[in-house]
Undergrad: 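Here's a structure for you.
All values reported here derive from a predicted model rather than from experimental measurement.
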Amino acid sequence: MRGDIKTGPDWRPQTKCRGDSVGFCRRLLLQEMMGKIAFSLIFTLALVTLSTSSERKCDLSGLWRNELGSLMEINKVNDAGEFSGKYLTAVTATSNCIHSSPLKGAQHDRTQRSQPTFGFTVNWEKFSNSTTVFVGQCFVGDKGKETLKTMWLLREEVGSPGDGWRATRVGANIFTRKRNLEPGKIIQQQSPLCDTPAPTAQ
Ligand code: BTN
């Protein structure tokens with residue numbers, strides 16, 4: 001039959017186009033091939049999207065905010081998993097003016113784990129003699145939203161070992177990522193006035 005399209009176990013259409021219907025027959029062939037290419041492309045794209053979202057790795061670096069309104073900015077995590085940054089607490093157990101404070105920590109090997117555990121210490125050097133340690137894990141939700149679930153211990157300085165019973169507080173904080181259009185600037189801008197260097201006399 002003229003323009004007859006034969007399909008067999010071989011995926012390529014076996015077409016014999018002869019005579020008047022050659023144009024029509026070729027168009028049909030082309031349409032069939034385009035359909036197959038489009039299907040393959042969509043299928044590949046779906047596979048890639050699925051695999052990347054389930055393997056999405058959590059990156060600790062960036063700006064984070066917890067439910068108290070405290071901000072922390074973590075610099076780039078190095079190859080050994082170590083990081084540093086700044087913490088601006090929204091609350092304090094002291095009556096002193098809050099300053100942004102340095103933090104230092106380490107994260108579990110990111111190359112193997114997509115939701116790594118980590119720990120860091122904040123030294124409230126400028127306004128309190130306490131130290132806080134945080135431990136936690138970074139979780140990536142279905143839509144890629146990152147959350148840091150942490151627990152902390154805050155050790156306050158006391159005069160003698162006998163006062164140790166009242167020296168440690170414990171709690172939990174959940175951090176979510178904030179947009180960080182100006183790395184290094186936000187914490188500085190949000191810091192209370194006591195953190196701003198006093199203008200020098202001219
Ligand atoms: C102090 O008051 O001695 C220093 C500041 C402590 C702030 C604590 S650390 C745990 C908790 N989470 C925060 O974001 N702030 C408080």
Side-chain angles (χ1 to χ4, degrees), residues 44-94 96-156 167-192 194-195:
T44 313
L45 198 72
L47 273 183
V48 169
T49 312
L50 259 178
S51 63
T52 50
S53 64
S54 62
E55 281 169 19
R56 209 172 204 140
K57 298 234 186 328
C58 196
D59 184 11
L60 281 186
S61 60
L63 185 66
W64 300 88
R65 185 179 189 275
N66 71 18
E67 73 283 7
L68 296 170
S70 299
L71 290 172
M72 72 168 170
E73 186 167 4
I74 297 181
N75 304 324
K76 196 174 179 304
V77 180
N78 73 17
D79 290 344
E82 298 152 349
F83 58 86
S84 62
K86 278 199 167 169
Y87 200 109
L88 180 63
T89 179
V91 296
T92 174
T94 72
N96 300 331
C97 179
I98 292 168
H99 290 252
S100 64
S101 305
L103 70 84
K104 272 197 170 147
Q107 172 184 313
H108 205 286
D109 185 5
R110 266 191 308 166
T111 56
Q112 289 170 29
R113 313 220 174 263
S114 55
Q115 303 197 119
T117 57
F118 60 85
F120 62 89
T121 305
V122 190
N123 179 350
W124 311 105
E125 56 187 11
K126 290 189 189 149
F127 69 101
S128 168
N129 48 26
S130 306
T131 300
T132 305
V133 290
F134 287 81
V135 284
Q137 185 172 353
C138 185
F139 290 99
V140 188
D142 291 345
K143 290 177 186 158
K145 190 181 173 192
E146 295 153 300
T147 309
L148 308 181
K149 302 262 187 185
T150 68
M151 288 207 67
W152 52 263
L153 289 173
L154 168 68
R155 173 72 189 202
E156 178 187 326
T168 308
R169 291 180 173 83
V170 62
N173 281 146
I174 298 172
F175 294 84
T176 48
R177 191 182 283 285
K178 299 293 293 173
R179 266 198 317 155
N180 197 11
L181 297 178
E182 295 179 290
K185 289 270 171 65
I186 308 292
I187 287 204
Q188 196 186 326
Q189 283 165 4
Q190 299 289 317
S191 293
C194 62
D195 216 9

Undergrad: Can you measure from CD1 (Ile187) to CD (Gln189) and round to the nearest 0.5 angstrom?
TA: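 Those atoms lie 11.0 Å apart.
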Undergrad: In Å, rounded to the nearest 0.5 Å, how long is the span from NZ of Lys178 to CG of Leu71?
TA: 8.0 Å
Undergrad: Looking at every non-hydrogen atom in both residues, tell me the closest pair between Lys86 and Ser100 and how far apart they are.
TA: CD-OG, 4.2 Å
Undergrad: For Glu146 and Lys57, work out which heavy atoms get closest and say how close.
TA: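 Shortest heavy-atom separation between Glu146 and Lys57 comes out as OE2-O, 4.4 Å.
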Undergrad: Indicate the atoms forming the closest heavy-atom contact of Ile98 with Pro192, along with that distance.
TA: O-CG, 3.3 Å
Undergrad: Between Thr89 and Phe127, is any pair of side-chain heavy atoms under 4.5 Å apart?
TA: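 Of all side-chain heavy-atom pairs linking Phe127 with Thr89, at least one is under 4.5 Å.
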Undergrad: Report the residues that fulfil salt bridge (charged side-chain N to carboxylate O under 4.0 Å, His left out) with Arg155, sequence neighbours left out, ordered by chain and then residue number.
TA: none
Undergrad: Determine whether a donor-acceptor pair (N or O, by modelled atom type, separation under 3.5 Å) exists between the side chain of Glu73 and the backbone of Pro183.
TA: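 The answer is no, because no donor-acceptor pair under 3.5 Å joins these two groups.
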Undergrad: To the nearest 0.5 angstrom, please state how far the OG1 atom of Thr94 sits from the CG atom of Asn129.
TA: 9.0 Å
Undergrad: So how far is it from Leu181 CG to Ile186 CD1, rounded to the nearest 0.5 Å?
TA: 7.0 Å
Undergrad: Would you mind reporting whether Val135 and Thr117 have side-chain heavy atoms less than 4.5 Å apart?
TA: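 They are not in side-chain contact.
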Undergrad: Please give me the minimum heavy-atom distance between Glu156 and Arg169, naming the atom from each residue.
TA: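 Heavy atoms only, the tightest pair is OE1-NH1, 3.1 Å.
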Undergrad: Ring-plane angle category for Tyr87 and Phe120, please: parallel below 30°, perpendicular beyond 60°, tilted otherwise.
TA: tilted
Undergrad: Should Lys126 and Ser101 count as side-chain neighbours, where that means a heavy-atom distance under 4.5 Å?
TA: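 No. Closest side-chain heavy atoms not under 4.5 Å.
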Undergrad: When you compare the side chain of Leu148 with that of Leu60, does any pair of heavy atoms fall below 4.5 Å?
TA: yes
Undergrad: Can you see which heavy atom on Ala90 is nearest to which on Gly69, and at what distance?
TA: CB-C, 3.7 Å
Undergrad: With the side chain counted from C-beta on, respond yes when Trp152 and Val122 share a heavy-atom pair under 4.5 Å apart, and no when they do not.
TA: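 Trp152 vs Val122: side chains apart.
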Undergrad: Can you find a pair of side-chain heavy atoms, one from Thr150 and one from Phe118, that are under 4.5 Å apart?
TA: yes
Undergrad: Rounded to the nearest 0.5 Å, what's the gap from CD on Gln107 to CD on Glu82? Could you check?
TA: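 Separation between the atoms: 11.0 Å.
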Undergrad: Excluding sequence neighbours, so at least two apart, what forms salt bridge (charged side-chain N to carboxylate O under 4.0 Å, His left out) with Arg65?
TA: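 Salt bridge (charged side-chain N to carboxylate O under 4.0 Å, His left out) check on Arg65 returns nothing, list empty.
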Undergrad: Is there a side-chain contact between Ser84 and Pro102 in this structure, where contact means two heavy atoms from C-beta onward sitting under 4.5 Å apart?
TA: no
Undergrad: Report the C-alpha distance between Trp124 and Leu154 in whole Å, list the side-chain angles of each, state the deciding distance to 0.1 Å, and finish with yes or no for side-chain contact (heavy atoms from CB on, under 4.5 Å).
TA: CA-CA 10 Å; Trp124 311 105; Leu154 168 68; 4.0 Å; yes
Undergrad: What is the minimum heavy-atom distance between Thr168 and Leu153, and which atoms define it?
TA: CG2-CD2, 4.0 Å
Undergrad: Can you tell me how far the CG atom of Leu88 sits from the OG atom of Ser70, to the nearest 0.5 Å?
TA: 7.0 Å
Undergrad: Identify, with sequence neighbours excluded, every residue that meets side-chain contact (heavy atoms from CB on, under 4.5 Å) alongside Ile174.
TA: Glu67, Thr147, Lys149
Undergrad: With heavy-atom distances below 4.5 Å as the criterion, would you say the side chains of Cys138 and Asp59 are in contact?
TA: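 Cys138 vs Asp59: side chains apart.
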Undergrad: Within the side chain of Arg179, is there an N or O that forms a donor-acceptor pair under 3.5 Å with the backbone of Leu63?
TA: no
